[in-house]
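I have placed the structure first, in the form of structure tokens, so that the comments after it can refer back to it.
Here is the naming used below: chain letters follow the sequence lines, and residue numbers restart at 1 for every chain. Just so it is clear, the model here is predicted, and its values are computed rather than measured.
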Amino acid sequence: MDERGDTVVYRLGQDCDLDDLEEGKIYEGVVQGFANFGIFVQLNNRLRGLVHKSNVMSQHRERDPVLVEVLEIRSNGNIDLRETVCDAYQISEVVKKRTTTSISDLGSRIGRYVHIDGEIAQIKQTSGPTIFTLVDESGTLNAAAFVEAGVRAYPEVGIGDIVSAAGEIMQRNNQLQLEVKSLSRLEGADVLRVRDKIEQALDERSEPPEVPFLIRSDLLERLKPEMRKVARYIRRAVFTAQPIILRHHADADGISAAVAIEQAVTALIRENGADFDGEYYLFKRAPSKAPFYEIEDITRDLDFALKDRVRFGQKLPLIIQMDNGSTEEDEPALMRAQVYGLQVVVVDHHHPDEVVDKYLVAHVNPYHAGGDFGMTAGMLGTEIARMINPSVEENIRHLPAVAAVGDRSEAEERGRYLDLVKETCPEEWCMKIALALDYQQFWLRFNDGREIIKDILNLNGDPELHRNLVNLLVEGAERAIEMQVEAVMPHIEARSLPNGAWLFQIDVEMFAHRFTFPPPGKTSGEVHDRLCQKYKGDPVVTIGFGPDFAVLRSRGVLMNIPVMVRELRDEIAGGGVTGGGHLVVGSIKFLEGMREEVLKGLTEKIGEAPIEE
Amino acid sequence: MDERGDTVVYRLGQDCDLDDLEEGKIYEGVVQGFANFGIFVQLNNRLRGLVHKSNVMSQHRERDPVLVEVLEIRSNGNIDLRETVCDAYQISEVVKKRTTTSISDLGSRIGRYVHIDGEIAQIKQTSGPTIFTLVDESGTLNAAAFVEAGVRAYPEVGIGDIVSAAGEIMQRNNQLQLEVKSLSRLEGADVLRVRDKIEQALDERSEPPEVPFLIRSDLLERLKPEMRKVARYIRRAVFTAQPIILRHHADADGISAAVAIEQAVTALIRENGADFDGEYYLFKRAPSKAPFYEIEDITRDLDFALKDRVRFGQKLPLIIQMDNGSTEEDEPALMRAQVYGLQVVVVDHHHPDEVVDKYLVAHVNPYHAGGDFGMTAGMLGTEIARMINPSVEENIRHLPAVAAVGDRSEAEERGRYLDLVKETCPEEWCMKIALALDYQQFWLRFNDGREIIKDILNLNGDPELHRNLVNLLVEGAERAIEMQVEAVMPHIEARSLPNGAWLFQIDVEMFAHRFTFPPPGKTSGEVHDRLCQKYKGDPVVTIGFGPDFAVLRSRGVLMNIPVMVRELRDEIAGGGVTGGGHLVVGSIKFLEGMREEVLKGLTEKIGEAPIEE
Amino acid sequence: MDERGDTVVYRLGQDCDLDDLEEGKIYEGVVQGFANFGIFVQLNNRLRGLVHKSNVMSQHRERDPVLVEVLEIRSNGNIDLRETVCDAYQISEVVKKRTTTSISDLGSRIGRYVHIDGEIAQIKQTSGPTIFTLVDESGTLNAAAFVEAGVRAYPEVGIGDIVSAAGEIMQRNNQLQLEVKSLSRLEGADVLRVRDKIEQALDERSEPPEVPFLIRSDLLERLKPEMRKVARYIRRAVFTAQPIILRHHADADGISAAVAIEQAVTALIRENGADFDGEYYLFKRAPSKAPFYEIEDITRDLDFALKDRVRFGQKLPLIIQMDNGSTEEDEPALMRAQVYGLQVVVVDHHHPDEVVDKYLVAHVNPYHAGGDFGMTAGMLGTEIARMINPSVEENIRHLPAVAAVGDRSEAEERGRYLDLVKETCPEEWCMKIALALDYQQFWLRFNDGREIIKDILNLNGDPELHRNLVNLLVEGAERAIEMQVEAVMPHIEARSLPNGAWLFQIDVEMFAHRFTFPPPGKTSGEVHDRLCQKYKGDPVVTIGFGPDFAVLRSRGVLMNIPVMVRELRDEIAGGGVTGGGHLVVGSIKFLEGMREEVLKGLTEKIGEAPIEE
């Protein structure tokens, strides 16, 4: 009875279960079936009980409404009821006592009906259900809502909304999924409360575990805070189902750096229980053509990302640049990224220009901490990969050594990383791997070649294949280099400069095989190495030039290429001179019609540079 | 009893419902279940009634056949039956009184079993059901037929067949779908009847609504009938689920024209209730590399369309060409389209060659109605878009102004279109948008960049992003132009021609930055503008040439480039001269080895051209 | 009773059916439903019987366990039971007497529960079930296992595993599918037994049917064993759901050869009952840019194949090379294929280098059997296609004739193949088809253009379209050739050589239209043909050269191009000379800067070559 004296009849909400039922109370029900000993009465979609024939008051047909009193709730879950009749009564709705479950606690709730508060990270329409990716403070969960094959469920819910979802937890193989029964946007203060909770928890989860570096290095210690920051952004992207685009320099160092991250991220995506195909569509690794983020590349990345957002409901991606991204040449691309609010993190060891920092959320660069080029991207990338996901360490610990020899690092860390794997991957083998990477990437053009690259780096658990493949590629690369050098060498023009240095010039388009390995830059390097060998002890400068470019290598001549380029730009009006690089290794571009003048000017400047003692 | 004196027993067809049942008649049934007050008997898949235990004649098991008389059909749909027994009887099949429902009337029939006559427009096999797209005189409907996951249902039914489909109407979000229970090809006279009805109704539906033009223009009024024809073809394609390929010139005018149509069509596809992904796979916008339909492009379009027809059951597409398609250079592609019976419509403002008309089903061109180039494709496209789908007007009404300034229109309509949006999109801003489009498209190469382009055109409802993006792009474009001009200007060769005109020549491959913005044609234009500025009042011709081409710009010289090209072709044997364009703006191609001779001949002709007073 | 005197109660396994039930025995059951005449008891998921109320011992609720004796199994499958009660009893599990069914016998078992032993050939995760492709000694079957939408079922089972699968056989349209109820890896001796049985049966199935050649040819008879071997590998790939990549020369002969195989294979895939889309993802035809397997091509093929293996569970592919693959230039690609253990078969008529054989599992080449180039790849391909699948013969029997005229075969087989189709496809029409193929492929670049190519070859059952398309293409090709020849001819440099031969030289980059049809090689050929016509009876050599290459055609001069190339390579240091071809038709590559020297040396050698009598 309620205060007005009416009988109270309870109506169970559809998500109520045994916990919400009380003996002695009267409930609304519906006749569901008949047995010779009584009738079954459904109390809601989830609960039904038996009215023994001795307790049946009247004749019923299926689906008839009926009032019943709960006599007993047995331990096995059976419910004994008695039919009852009231003339006047008061309906009281029984609302499920909602207890929100954390996504990380779902493992123990399989088959149970749960409530989850979270943020919508992605909405994917399949030809079956709509898959909502939910993120809460503890994890990521796919929630499948089915209206009809191929039809978007809950169209009023969008990415970034804070929602309350309810349904049954189903087990996948290693994953759980929510079968959505209801999904609705939270409003008002609830949004803030949940969002805050998620943000705070995400901050905690994204915090990388404390792992000591693979080697002792003061430089790494100084870089550590920024490295952890990069790891944090990446972990957070994984935990919030944000896509990741990893752009990197297409050489052995850049590949090593990027693959280390790839290993850490794809494993973390799988562990985090995302969609079975998540490691493919949430993570893309893309070698860059240029040693910077070209406008063409950001354009393509943005084009795809914006279309994916509209068509497939994905978040805008986190951009990672590795062995790339530190120089002013990246600025035009970064400006575009910024207009769209894209997060960009950079891990690079090229000499950084300050100008890029205003576009980046994190930027690891050894020059920021008193280091230099010798701390390669592959070293940094591998250490960051371990911060992201320590479980991949065993697989990737040889990557810094490969990167070190690939980039001819002379940093003290080089030796320590080589020492670390000297049993399993001695220096000579690292060099072979590095050459194999360069050669293979040349033929892959700008495809990632994920599996082939993993085979070259021995990440696929087939050491024999790894060995055979690397040997084959090295053999091919060496043969190609020999053939190129043989073609080029007879055409080298040598001269002695005023400062006593040798200058060697070679037209690498007229006198080299084109469109094959090694390309002009590497050809110039190989020639330079041989000339240095031949002119042991002498200062040597080698220029490989084409119609509108020149590549410089030098030994023993204290050039400053960036300064020389700037001077030539000013001195030669209409020369269209651009370029740069390091002090003694670099490249210059110019207008094709001005080649003679530019090369002349360049030669003069080289002839004036001081000679190293 | 029938005439022979036998009792008649009725057998209900599986799609019969309550309307087909009559009290007092005897029906075949099957025992379906038991209650303590009687047994349930199923009359067909959709109807079942109760035989009260007092009316049961014998003991039954489930699935036993039984004859029953209908005692009463209650208002709530319950059916009271009495078991009956006959020794000899006559079976009479009750066929559902078929009433065909129009697709546009389905909104009020959700959950009902309906019959639809229509034409099969597409057949898509999903990993679940087979989706048949049905078109009738009133609309388009997806019909899902399920045999088994991934299995083609009703393989005997093909595209273009006239069929009768039956099933239940299910609600999607904003869409309806037929759950197919039966689907069969109509035969004989039924085919003609239905096809005629559909054709006639489609003709009516495809008729564009009458909307006045955005501005007053006699020229537009004269073009109106042909514009409506284009709109009609496009509407019809949408209503019949025919894919559309929109090819367009990759400049600001062509993009504006094409995006206006894109907005109208994609919205109409959504409104028409097609598949949730229909706006993507039924509509493709593709910027063309050349200012005409290249053989390579039609080859690719045909290759894909024919494969899609075989593999995914799509119709062959309607081709739309915008800011492109009117000249004889399009003929080779159009001939290929014709062999396959492709429909092609053209909306262009380049000087038309009559020869193309025999390949086109509609062709809007201002020259056909006394207008000229000044009536840009973007103006025409926007007005046609409003005929296709007036609901998009608010979004696209600034596009003609962007097109006008982008193409430097001098038509009287230019000012009116600019006036129309002077508050929200003043002329200066239109110019920025146009430059931003050109610059962005350069980096997009020949991708449509749908979302980025919409952001530049402020179609995505984010005016701040729009502003920032346009400003960033304009800044980048202007810097690039300055850099290019700076490189080029010192290398210009000037001479005075016999007719008193200045001739400026510049080798845009030797003395300009290559493979970057601005490309040679635009570079020549920028140089020409600056020279016109400098030599104010004088007649000026600027030639930018490369190894095998030259781009011409002129002011104050009454040249006729197409005539000059024809003469050079005849005069210089083995010169391989081709090309054309407008009277005073154009381009010439020639054999690389004949450049000197061709440029000499060209210069002579320019020197003979009369000077504008 | 068992030996201990206890009553034995049987528990039916879930896959037991009526055959496993015996009258008089006692079984465990569960109460399933109530009727007024008794209760229904379920014995397992598939069997249930009735306990008449006279035989009911106690009051039950649904799902109550109960012991029952089988009184009678009626002929209609009904089972009469009696309830029984035992105090002490012994449980005995009844295991289904497993009878393995062969895949080829499933046609008569639709709707039945079957057991199949086989090898897993592919595992495809769909957004619905996981599809396992099973291969046994008799056929291929898709088996659908459903855990939950998009979730990989039986993750412990991998490709190549020998398994036992059980479930119900469902009918598709023309296909059967297993609805998996259980799937498990076999162990120990079972694996060997099943694998041996499968291998042996596969060997038998893969054996091509004996079909006589379309024409009489001793050469073909000698090549027959190796041709059958190729057919065997291809049939086996189809039967084991191994993907096939067919790489071929992009000319009329190569296309004819490849399309013949395509027709045979795609039809066989469909007949073999694979997935509805199998003919697309299991078979790829790819025209090659170069006349050999380029490193770039194998790199792309490997990249995709390895990714597909990891991501989509496909086997590594069988590679077929047609009109390609016999020369040492293929070696680098073949070495890469070998490292990954890829099977490669070659059908070529270029002069073979022995070195390739160690990488191939089969190699058909007329030179191996005393034949030569005149036995074209299209002839061989068509005959092999008939061995693979004789049912396609009617469609493809004109392909050898097209190939013969396309490659200017002078073998005796040429006339016989032309005779074969002289009614339906006379020689002149074959020539048109061949020209149309070359021209169309030029515009398709390196896409297969499957449907367009089939239209050109009249394989799509629309002879009118075929006629119109070929005529249009031939017209376009001829016009383009005329235009090119007209441009080139005025620039030919003629000279008389010491040996009395005419030498004609033409710079095909400076004096020909570029990037259009005909490309340099074909342009040289067309020019050569016209010069031969003009200088009837005289020995003629035509050299078309570009910056770093030269194409040679000759008549009446006994050159040996491979020897000349080798000599030039040795004589011109730093010339970078490579190349080859046939004796009197070939091409040379060199460093751009060495062109003059190389052409001079080449001319000298040609002038020394003996003249044909």
Who are the side-chain contact (heavy atoms from CB on, under 4.5 Å) partners of B/A267, not counting sequence neighbours? B/R270, B/E271, B/N389, B/V392

All side-chain contact (heavy atoms from CB on, under 4.5 Å) counterparts of A/K284, not counting sequence neighbours: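 With neighbours one apart ignored, the set is empty.
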
What part of A/R309 gets closer than 4.5 Å to chain B, counting heavy atoms only: side chain, backbone, both or neither?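 A/R309 has no heavy atom closer than 4.5 Å to chain B.
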
Check whether A/Q59 gets within reach of chain B through its side chain, its backbone, both or neither, counting any heavy atom under 4.5 Å. side chain

Does A/R336 qualify as a cation-pi partner of A/Y340, given the criterion of NZ or CZ under 6.0 Å from the six-membered ring centre and within 45 degrees of its axis? no

Under a 4.5 Å cutoff for heavy-atom pairs, which residue among [options] has the most contacts with chain A?
| options | value |
| --- | --- |
| B/N447, B/L50, B/L473 | B/L50 |
| B/P490, B/G449, B/A512 | B/G449 |
| B/R450, B/E464, B/H513 | B/H513 |

Residues A/R595, A/D507; criterion salt bridge (charged side-chain N to carboxylate O under 4.0 Å, His left out); working and verdict: CA-CA 11 Å; A/R595 180 170 77 176; A/D507 185 328; 3.6 Å; yes

Hey, is the main chain of B/N468 close enough, under 3.5 Å, to the side chain of B/N471 for a donor-acceptor pair? no

Is chain A contacted by the side chain of [X], its backbone, both, or neither, given a heavy-atom distance below 4.5 Å?
| X | result |
| --- | --- |
| B/M489 | neither |
| B/F40 | side chain |
| B/H52 | side chain |
| B/F517 | neither |
| B/L444 | both |

Between [X] and [Y], do the side chains contain an N or O donor and an N or O acceptor separated by less than 3.5 Å?
| X | Y | answer |
| --- | --- | --- |
| A/D308 | A/Y281 | no |
| B/Q484 | B/E482 | no |
| A/E331 | A/Y359 | yes |

Do you know which of A/R300, A/K53, A/M335, A/E294 has the most heavy-atom pairs with chain B at a distance under 4.5 angstrom?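 The residue among A/R300, A/K53, A/M335, A/E294 with the greatest pair count is A/M335.
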
